[in-house]
Amino acid sequence: MENAVLRTERLNAYYGESRVVKSVSISVPENKVTAIMGPSGCGKSTFIRCLNRMHELVSGAKIEGKVLLRDKDIYQMESTLVRRKVGMVFQRPNPFPTMSIYENVLAGYKLNGIRLKRSEADAIVENSLRKAAMWDEVKDYLHRRGTFLSGGQQQRLCIARSLAVKPEVVLLDEPTSALDPKATSKIEDLMEELKESVTIILVTHNVGQASRVSDYTAFLYLGELIEFGPTERVFTVPKSKKTEEYLIGKFG
Amino acid sequence: MSDKKTALRLAKNKVFKFIVVLFSLGSIIPLLFILLYIFKKGIGVINWKFLVGLPKPPGVTGGGIANAIVGTLMLILVASLFAIPLGVSGGVFLSEYRKSKLAYFTRLSVEILQGIPSIVIGIIAYLWVVKPMGKFSAFSGGIALGMIMLPMVVRSSEEVLKLVPRTLKEASLALGIPYHRTILRVAVPSALPGIVSGVLLGIARIAGETAPLLFTAFGNQFMNWNLFKPVNSLPLLIFNYAMSPYDEWQRAAWGASVILVIIVLLGNIISRMIVNKWKTRF
């Protein structure tokens, strides 16, 4: 396998007493799309929330094991620094309602009190929106509120916002589950382009989406990693019976 | 048979509707009468001189209430400086740590504080502020009014901050923005219209308070801009003038009532407008 940017070693995640992620070890290759798929409630969201230390924000949540970002344990790093390096996009688009599109893209800087020169700021905004394939759509409305955009545009704005702080990895937590098919396919196309510059981890409960966009696929079931490998292989010759059953829609 | 039943049912429906409308009209009437009466009695004395002039001795016409207006504004300012920071931080705490023990007791105390008679709050302010400082002052009056305003600000901030979706805070945290900045620059601005409207309602409420000022701000016949000296306020002026035997003063009391009612109404109306027009869409 290629260079691993992010690795987990025997990662366990708990909510109070219940263990939701069970000893998952996985290596995420650089500049690829890695899909985490599995039925609802299998712990996939919890799993990726461990990768940028969002899991610990829930009271009673804890983790065991290691998450290594370029061989450095993220649980030994400053949590805010981890989250700048490992960005995240959520199920529902959540642009900041009090900010314009322009300000939304720059939120990672502005809210952190980082001052940018006008030209730098403009460049970051244009660049990030271009990467999110929405520059042409919104370049004339940069100073309008982000919440006036359509759902799909809002989600791409959220992607642009997370790209603006130049993360190494972006976690997409079922980014299309609240979107219509057209907006969904746009975001799927986008992932293809994005992986040139950033590593993507995509959580999805949609088997088709995993097969369309990912290079590697992990199948999680009841918190356990059942199978992980190149998407083509996992989908054509799954090693596990469970994976096969899930793929043909026997459960999930 | 069934036609008869339907007719009866429709008739019952009409009677019921009539009663409901009648009673809701009944709850508007007191306000209308108060406004009508106060305006009828008071509007006649209001002119520019009344607003910018100072009180005149009894028997002399043409006195104004400028000192009371200035005093009321000073009291509102002190109360706001005291109640807004405390109240909004309290609201932030209550909305963030909803289930902690401390939140439970804070909520309880705030509720009780809201129910304490304002005259008692005046006495407390007298003991805590006036006595140690050795004099009546605008400052002590502002603190007393601030204590009345505080629970309103806490409760309204808590309510609107609770409406800020968790996902919004997560979006900010996921950008590597520290918790305190997330609260101050994402959650509070999103809830700002609601917080402002709560503050305005609080101001409208304290603008008309008289009892706690009797032994704090005390009242003053003269213009005073000093925070640490007694000041007049509109309700105090109304109280003193209305009790006086002089015709001019009684008329001035009506005029001051009009001004006071306008301030309170404006506070309420603007607060509603803010909530309706300026509301954050999530």
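Convention: sequence-line order gives letters A, B, ...; per-chain numbering from 1.
- At a threshold of 4.5 Å between non-hydrogen side-chain atoms, the residues A:L111 and B:R185 count as touching.
- Heavy atoms of A:F96 lying under 4.5 Å from chain B belong to its backbone as well as its side chain.
- Heavy atoms of A:L81 lying under 4.5 Å from chain B are absent altogether.
- When each of A:A164, A:S59, A:G113, A:C158 is checked for heavy-atom pairs under 4.5 Å with chain B, A:G113 comes out on top.
- B:R272 CZ: 12 or fewer foreign heavy atoms inside a 6.0 Å radius.
- In this structure, CG on B:L175 lies 11.5 Å from OG1 on A:T80, to the nearest 0.5 angstrom.
- For a residue to count as touching a neighbouring chain, one of its non-hydrogen atoms must lie under 4.5 Å from one of that chain's; by this rule A:P95 touches chain B with the backbone only.
- By the 6.0 Å contact criterion, OH on B:Y179 is enclosed, its count of non-hydrogen atoms from other residues, nucleotides or ligands being greater than 12.
- With a 4.5 angstrom heavy-atom cutoff, B:T182 does not touch chain A via any of its atoms.
- Counting non-hydrogen atoms of other residues, nucleotides and ligands closer than 6.0 Å to OH of A:Y141 gives a total of 12 or fewer.
- Other residues, nucleotides and ligands place no more than 12 heavy atoms under 6.0 Å from the NZ atom of A:K72.
- The salt bridge (charged side-chain N to carboxylate O under 4.0 Å, His left out) with B:E170 is formed by just one residue from the set A:R92, A:R49, A:R83; it is A:R49.
- Of all heavy-atom pairs spanning A:G108 and B:I177, the tightest one is CA-CD1, 4.2 Å.
- Rounding to the nearest 0.5 Å gives a distance of 11.5 Å between CG of A:N94 and CZ of B:R166.
- Residues B:A174 and A:F90 approach most closely at CB-CZ, 3.8 Å, considering heavy atoms.
- The nearest pair of heavy atoms linking B:L168 to A:P97 is CD2-CD, 3.4 Å.
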